[in-house]
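Sequential numbering from 1 along the given sequence is applied to the chain's residues.
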Amino acid sequence: MITVYLVVVIASAFSLLKYNYSASAKNEELKNRILEAQLKLKEQELEYLKIQIHPHFLFNTLNTIYGLSLSNSEKTPEMILQLSELLDYILYQTRKPLVQLKDEINHIKNYINLEKKRFQDNLTIDFNCSEIPSNIEIAPMLLLPFVENSFKHGKNSDGKLKISIRLNLKNEFMEFEVMNSKDPAKLPSETKGIGLENIQRRLDILYGRSSELIVQNNRDSYKVFLKINTAKTPNDVL
């Protein structure tokens with residue numbers, strides 16, 4: 001009888017262990033599927049957010065070229081060439097999860113050159129940028145919309161625009177600040193860029209707590225401050 005009991009106990013224990021192992025394996029497989037589904041949803045949302053940014057940027061730039069073409073400006077062909085370079089960046093380079101920070105800055109400079117031709121003497125801009133190593137990378141199209149909004153929504157009551165752009169690299173962190181003048185008579189809602197909520201969502205998905213975005217809508221100026229831990233890649237968050 002004792003032998004029978006021992007055999008039953010051992011068999012029951014073995015069956016229980018086998019069941020627990022099988023259940024654990026199924027739970028682990030289910031967790032992996034859930035994580036995979038969440039990752040795909042985040043990737044799809046990121047693609048949707050990128051699609052929202054690109055037409056907004058393109059629309060503003062085409063308006064600039066259209067204004068010059070009406071006056072038969074000699075600068076129009078040069079601006080079209082610069083726009084083609086920007087479109088190449090948007091259509092091809094932004095498909096990558098990461099781009100070199102120096103490439104993002106170069107295309108910001110191209111965009112500024114486009115706007116300088118439009119504003120001419122009505123623009124005062126100060127761009128300070130520290131030296132950027134080639135190994136520093138960020139997600140594409142994070143910085144350019146801030147500069148775009150400063151041109152679109154900024155202007156003094158006298159019709160002139162002042163913009164200050166600063167980029168610093170400190171250890172593992174990138175600090176990017178854009179400040180533009182604005183008409184004190186305008187309401188805060190009239191100077192808010194439509195892409196800011198979009199960018200904030202992208203930052204939350206890509207960098208999470210490794211990024212910080214501060215917006216200051218003052219009476220006569222509008223400033224955005226972005227801080228990103230460049231040592232953290234989007235894959236670390238996802």
**Q** Would you call the rings of Phe151 and Tyr111 parallel, tilted or perpendicular, where under 30° means parallel and over 60° means perpendicular?
**A** perpendicular
**Q** Honestly, is Lys227 close enough over Phe173, meaning NZ or CZ under 6.0 Å from the six-membered ring centre and within 45° of the axis?
**A** yes
**Q** For the pair Lys182 (side chain) and Asn218 (backbone), establish whether a donor and an acceptor sit closer than 3.5 Å, ignoring hydrogens and angles.
**A**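 Looks like yes, one N/O pair under 3.5 Å.
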**Q** To the closest 0.5 Å, what do you measure between OG (Ser211) and CG (Asp204)?
**A**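 Rounded to the nearest 0.5 Å, the OG-CG separation comes out at 6.5 Å.
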**Q** Side chain of Thr124, backbone of Lys162: donor and acceptor closer than 3.5 Å?
**A**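 Absent.
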**Q** May I ask you to decide if Val178's main-chain N or O and Tyr222's side chain share a donor-acceptor pair within less than 3.5 Å?
**A** no
**Q** How long is the gap from CD1 on Ile163 to OG on Ser221, to the nearest 0.5 Å?
**A** 12.5 Å
**Q** When rounded to the nearest 0.5 angstrom, what distance separates CG in Asn110 from CD in Glu115?
**A** 12.5 Å
**Q** Atom CG of residue position Asn128 - does it have more than 12 heavy atoms of other residues, nucleotides or ligands inside 6.0 Å?
**A** yes
**Q** A side-chain contact here means heavy atoms from C-beta on lying under 4.5 Å apart; do Asn180 and Lys223 qualify?
**A**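 Not touching, per the 4.5 Å side-chain cut-off.
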**Q** Go through Lys116 and Asn113 one step at a time and tell me if the side chain to side chain contact (heavy atoms under 4.5 Å, CB included) criterion holds.
**A** CA-CA 5 Å; Lys116 281 182 177 179; Asn113 288 332; 4.2 Å; yes
**Q** Would you say that Leu143 contacts Leu101 through its side chain, given a criterion of any heavy-atom pair below 4.5 Å between the two side chains?
**A** yes
**Q** Spell out, as yes or no, whether a donor-acceptor pair under 3.5 Å connects the side chain of Glu104 to the backbone of Met141.
**A**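 At least one qualifying donor-acceptor pair exists.
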**Q** Hey, any chance Leu144 and Phe225 share a hydrophobic cluster, counting ILVMFWY side chains that come within less than 4.5 Å of each other, even indirectly?
**A** no
**Q** Between Pro145 and Ile199, what is the shortest heavy-atom contact and its length?
**A**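 The pair with the smallest heavy-atom distance is CB-CD1, 3.4 Å.
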**Q** Indicate yes or no: at least one non-hydrogen side-chain atom of Leu203 is less than 4.5 angstrom from one of Gln200.
**A**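 Yes, close enough: below the 4.5 Å cut-off.
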**Q** Report yes if the side chains of Val147 and Phe176 come closer than 4.5 Å at any heavy-atom pair, otherwise no.
**A**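 Heavy-atom side-chain distance check passes, below 4.5 Å.
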**Q** Measuring only between side-chain heavy atoms, which start at C-beta, is Leu167 closer than 4.5 Å to Ile165?
**A**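 When only atoms from C-beta onward are counted, Ile165 and Leu167 do not touch, as no gap falls below 4.5 Å.
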**Q** Measuring from atom NZ of Lys160 to atom OG of Ser181, what distance do you get when rounded to the nearest 0.5 angstrom?
**A**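 Answer for the NZ-OG pair, Lys160 versus Ser181, is 11.0 Å.
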**Q** For side chain to side chain contact (heavy atoms under 4.5 Å, CB included), just list the numbers for Phe146 and Leu213, CA-CA rounded to whole Å, side-chain angles, deciding distance to a tenth of an Å, and then say yes or no.
**A** CA-CA 11 Å; Phe146 294 121; Leu213 178 62; 3.8 Å; yes
**Q** Keeping Asp103 on the side-chain end and Val99 on the backbone end, is there a donor-acceptor pair under 3.5 Å?
**A**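 The answer is no, because no donor-acceptor pair under 3.5 Å joins these two groups.
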**Q** With a 4.5 Å limit on heavy-atom distance, are the side chains of Leu142 and Ile228 in contact?
**A** yes
**Q** Does Asp126 offer a backbone N or O that forms a donor-acceptor pair with the side chain of Arg166 under 3.5 Å?
**A** no
**Q** Can you confirm whether Leu161 sits close enough to Asn122 that some side-chain heavy atom of one is under 4.5 Å from a side-chain heavy atom of the other?
**A** no
**Q** So how far is it from Lys109 NZ to Cys129 SG, rounded to the nearest 0.5 Å?
**A** 6.0 Å
**Q** Should Met179 and Met174 be regarded as members of a common hydrophobic cluster, given that ILVMFWY residues are connected when their side-chain heavy atoms come within less than 4.5 Å of each other, either directly or indirectly?
**A** no
**Q** What distance separates Gln100 CD from Ser134 OG, expressed to the nearest 0.5 Å?
**A** 6.0 Å
**Q** What I'd like to find out is whether the side chain of Ile214 reaches to under 4.5 Å of the side chain of Leu226, using heavy atoms alone.
**A** no
